[in-house]
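Structure first, commentary second.
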Amino acid sequence: MDIHVILDFWAFFIAILLLTMTPGLDTALVIRNTTRGGWKDGITCSLGICCGLFVHATMSAIGLSVFLVSSAELFTVIKTIGAAYLIWLGIQSIKSTFSKRRNTVEVTNKIKEKKASLTLSFKEGFLSNILNPKTAVFYLALLPQFINPEYNAFAQSLLMASVHFIIAMFWQGGIALLVEKAQVLMSSEKMTHRIERITGSVLILLGVNLLVSK
């Protein structure tokens, strides 16, 4: 399906671009994972976040987001789970900076740890996105405005999510590479731990904000 079937495509594009470039949870999570494991972890985390967009697009297309918005209890449950997850990620990030240095046995298992790290980064990005009810509500409010009634609504929703996917991957991937470069320039364990603590604190604050927001 061609992007031109979307009503006022460029207005949609600008809205998604501004949303993506606005610092928030996704940015903090990508920075945190890049600091923890390098640019590959950051981009893998971004991939998880962006894959979650298709879940929200599907929910919006089939009306599940409407149910989420109309049910205060369900919205609160999902919001609480999402907030608790963010707070847990933040605590884990800060906690990791106080752990002891790797011993020789741990260094020999570096490849296995890296694979596990990439899988974890994807899961963290994906879960943080789908457990964020604000993203679901945003998609519900935004996507229908650009749906062309002459074409399949579900296909258009996935197409718009694909556009968002590409924009977000480029933006967040760029952030991951910049953070990696910054780490090389300021290559010290102390600086790395400081960045992890800052991003961990931001994740906790975002989780608390999500928890108390109405």
Side-chain angles (χ1 to χ4, degrees), residues 1-30 43-86 89 121-175 202-203 206-207 209-214:
M1 181 178 287
D2 193 279
I3 59 173
H4 295 100
V5 304
I6 299 172
L7 291 177
D8 205 353
F9 171 76
W10 289 109
F12 163 76
F13 182 87
I14 292 171
I16 287 297
L17 183 64
L18 292 174
L19 170 69
T20 303
M21 294 175 68
T22 302
L25 167 60
D26 295 345
T27 303
L29 202 57
V30 169
I43 291 178
T44 303
C45 176
S46 175
L47 180 62
I49 292 169
C50 294
C51 284
L53 299 175
F54 292 103
V55 175
H56 290 296
T58 300
M59 289 176 63
S60 176
I62 64 181
L64 287 178
S65 292
V66 177
F67 180 68
L68 177 65
V69 173
S70 62
S71 174
E73 292 80 9
L74 180 60
F75 185 89
T76 300
V77 169
I78 294 179
K79 184 178 75 168
T80 302
I81 294 173
Y85 183 65
L86 291 180
L89 285 178
S121 293
F122 180 88
K123 288 180 179 178
E124 288 176 349
F126 183 74
L127 288 174
S128 71
N129 188 280
I130 64 172
L131 289 175
N132 188 351
K134 289 187 175 181
T135 306
V137 173
F138 177 83
Y139 260 51
L140 175 64
L142 182 73
L143 298 195
Q145 298 180 42
F146 302 98
I147 295 291
N148 190 330
E150 296 181 8
Y151 299 93
N152 185 281
F154 181 69
Q156 289 181 76
S157 295
L158 293 183
L159 179 60
M160 284 188 274
S162 298
V163 173
H164 192 182
F165 179 99
I166 294 170
I167 293 172
M169 281 299 298
F170 269 103
W171 177 254
Q172 293 166 8
I175 290 174
V202 170
L203 288 174
L206 288 170
N209 180 65
L210 180 61
L211 193 62
V212 301
S213 63
K214 296 182 179 180

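This one's a predicted model, so the numbers in the text were calculated from it and none came from an experiment.
- Atom-to-atom distance recorded for Leu53:CG and Ser60:OG is 12.0 Å, nearest 0.5 angstrom.
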Test Leu17 against Trp171 for side chain to side chain contact (heavy atoms under 4.5 Å, CB included), laying out the working first.
CA-CA 9 Å; Leu17 183 64; Trp171 177 254; over 6 Å; no
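- The nearest pair of heavy atoms linking Asn152 to Phe154 is OD1-N, 3.0 Å.
- Between Ile49 and Ser128, the closest heavy-atom pair is CG1-OG, 4.3 Å.
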Would Val163 and Phe9 count as a side chain to side chain contact (heavy atoms under 4.5 Å, CB included) if you check the C-alpha gap in whole Å, the side-chain angles of each, and the deciding distance to 0.1 Å?
CA-CA 10 Å; Val163 173; Phe9 171 76; 4.1 Å; yes
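- Here the SG atom belonging to Cys50 is positioned 7.0 Å from the NE2 atom belonging to His164, to the nearest 0.5 angstrom.
- Phe54 has its ring centre less than 6.0 Å from the ring centre of Phe165.
- For the atom pair Met21 CE and Ile16 CD1, the distance stands at 13.5 Å (nearest 0.5 Å).
- Shown here for Met160 and Ile147, the closest heavy-atom pair between the two residues is CE-CD1, 3.5 Å.
- In this structure, Ala57 and Leu158 approach most closely via the heavy-atom pair CB-CD2, 4.4 Å.
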Candidate pair Gln172 and Thr27, rule side chain to side chain contact (heavy atoms under 4.5 Å, CB included), full reasoning:
CA-CA 7 Å; Gln172 293 166 8; Thr27 303; 5.8 Å; no
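- To the nearest 0.5 Å, the span separating OH on Tyr139 from OG1 on Thr58 amounts to 10.0 Å.
- Atom CG of Leu29 sits about 11.5 Å away from atom CD1 of Ile175, to the nearest 0.5 Å.
- Using a 4.5 Å heavy-atom threshold, the side chains of Leu25 and Asn132 count as touching.
- One finds the CG atom of Asp26 at 7.0 Å from the OG1 atom of Thr135 (value rounded to the nearest 0.5 Å).
- Closest approach of Pro149 to Leu7, counting heavy atoms only: CD-CD1, 4.2 Å.
- One side chain, Asn129 or His56, offers a donor N or O that lies under 3.5 Å from an acceptor on the other.
- Side-chain contact between Val55 and Phe126 is present, with heavy atoms from C-beta onward closer than 4.5 Å.
- Note on ring orientation: taking the six-membered ring where Trp is involved, the planes of Phe13 and Trp10 are perpendicular (angle over 60°, cut-offs 30° and 60°).
- Judged by distance alone, the side chain of Gln156 and the main-chain N or O of Tyr151 form a donor-acceptor pair under 3.5 Å.
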